[in-house]
Amino acid sequence: TARRHPRAFQEPGRRSRIAAGIASRALIATIGVVLIGGLMAILFPGLRAGPLGRVDPLYAQIRLANILEIQPLIDAQWLAAGRYGQMIGQAVKVLGLALVALPFLVLLLIRSRGAGRRFWVVVAIALAVYLPLAAAEVRWAIYAEALLAWPYAAAVAWLVGRLSAGIRIAPHWWRPPLLGTALLWPLLVAAGLPQREIDLASDACPLDRLAPLLQQASAEPRTILAYADYGAELLYRTRHRVLSIPNHRFQPGFTATFRILTATDDASARALLARSGVDWILLCPSPTERAVFAPGQASAPTLYRRLVAGEVPDWLQPLPLGPELERTARLYEVRARPNLVATPAGR
């Protein structure tokens, strides 16, 4: 040891000075972060509410509650319903590397020395931050997975070294399958467990084929009322406007869309349509769309249910889409109401 680090023995106080320097820099960095964070909280009070602080409560209840990436890793409803297979499958699929990586990281922290140990300490500190965040919201899991890849790769490298050294962990012909299993077992285990069904409304709506028809239907821009997931693609593919888009910011168009399609009387639906300046209503009935606009607790048939059932009120005009598209989509034009002046949304 003396030959490897001669200067450390020639200067007895060198290590203490380095440790003191690191501690002082860490203290200065901590103070700086606290000061900057406090200043930002004063200058920008909206930051304290978080990125979703100003979201419409209705949007949060209907849409955010069904977005997987902002849900907890382990859903409390699964536990209450006894869906343990789905719970384990979700955890293994997202953070299955942790089952091997974390124990091996502890071993690395115990056995490593010098710069290597400092590296693993940094990885452990980062995981102590990101693993709880991933448990609270799935979208943080990608950072935890990237960090877990380091100790997991070290564990696989250790296994390769042991096999290469001739240790008889398994017969020679078993070594490739053993290494393959070590690398891919989280995917294999997750695939064998019950999977969570994910329905995307956009998959059920052929917007790429609808867009040319919408372009031909009117040379002037029209305002389209549709499910929020269709909004961005409609804006991209057509000249028309939309009432709502999948955006986690306050947007009155989302609320207006929900109120119109879940209205149980024509008067309120027509008043909201005129107030929002809606020209067309586009529906693509799917399990996701029905779950949003056809709630089971409605006391009377909603406008959405009536339209899906083919009961079109006289103030809506069905527009032809062709035999193929009409199997999955419906387009209606809002007829002008004589005594009610329509104003564009947001004015």
Side chain to side chain contact (heavy atoms under 4.5 Å, CB included) partners for A124, two or more places apart: L105, L109
Fellow cluster residues of I28, listed by chain then number, with links counted only when side-chain atoms sit under 4.5 Å apart: none
Gap between atom OG1 of T288 and atom CZ of R63 - 0.5 Å precision: 10.0 Å
Check: R239 main-chain N/O paired with Q215 side-chain donor or acceptor under 3.5 Å: yes
Residue list, side chain to side chain contact (heavy atoms under 4.5 Å, CB included) with V129, at least two apart or on another chain: L133
Check: S244 main-chain N/O paired with Q251 side-chain donor or acceptor under 3.5 Å: no
H240 side chain to T223 backbone, donor-acceptor under 3.5 Å: no
Residues R335, D279: salt bridge by 4.0 Å N-O rule: no
Over 12 non-hydrogen atoms of neighbours within 6.0 angstrom of CG in L235: yes
More than 12 heavy atoms from other groups under 6.0 Å of CH2 on W280: yes
Any L272 side-chain heavy atom under 4.5 Å of V278 side chain: no
Donor-acceptor pair, side chain of R222 and main chain of A219, under 3.5 angstrom: no
Audit row: L213, L325, side-chain contact (heavy atoms from CB on, under 4.5 Å) steps and yes/no: CA-CA 10 Å; L213 293 178; L325 288 176; 3.2 Å; yes
Polar side-chain atom of S276 near backbone of L273 as donor-acceptor pair, under 3.5 Å: no
Donor-acceptor pair, side chain of R330 and main chain of L307, under 3.5 angstrom: yes
Contact check, side chains of T238 and P212, non-hydrogen atoms, under 4.5 Å: no
Polar side chain donor-acceptor pair, Y152 to E145, under 3.5 angstrom: no
Rounded distance (nearest 0.5 Å) linking atom CH2 of W120 with atom OG of S112: 8.0 Å
F104 and W158 aromatic ring geometry - parallel, tilted or perpendicular at 30°/60° bounds: tilted
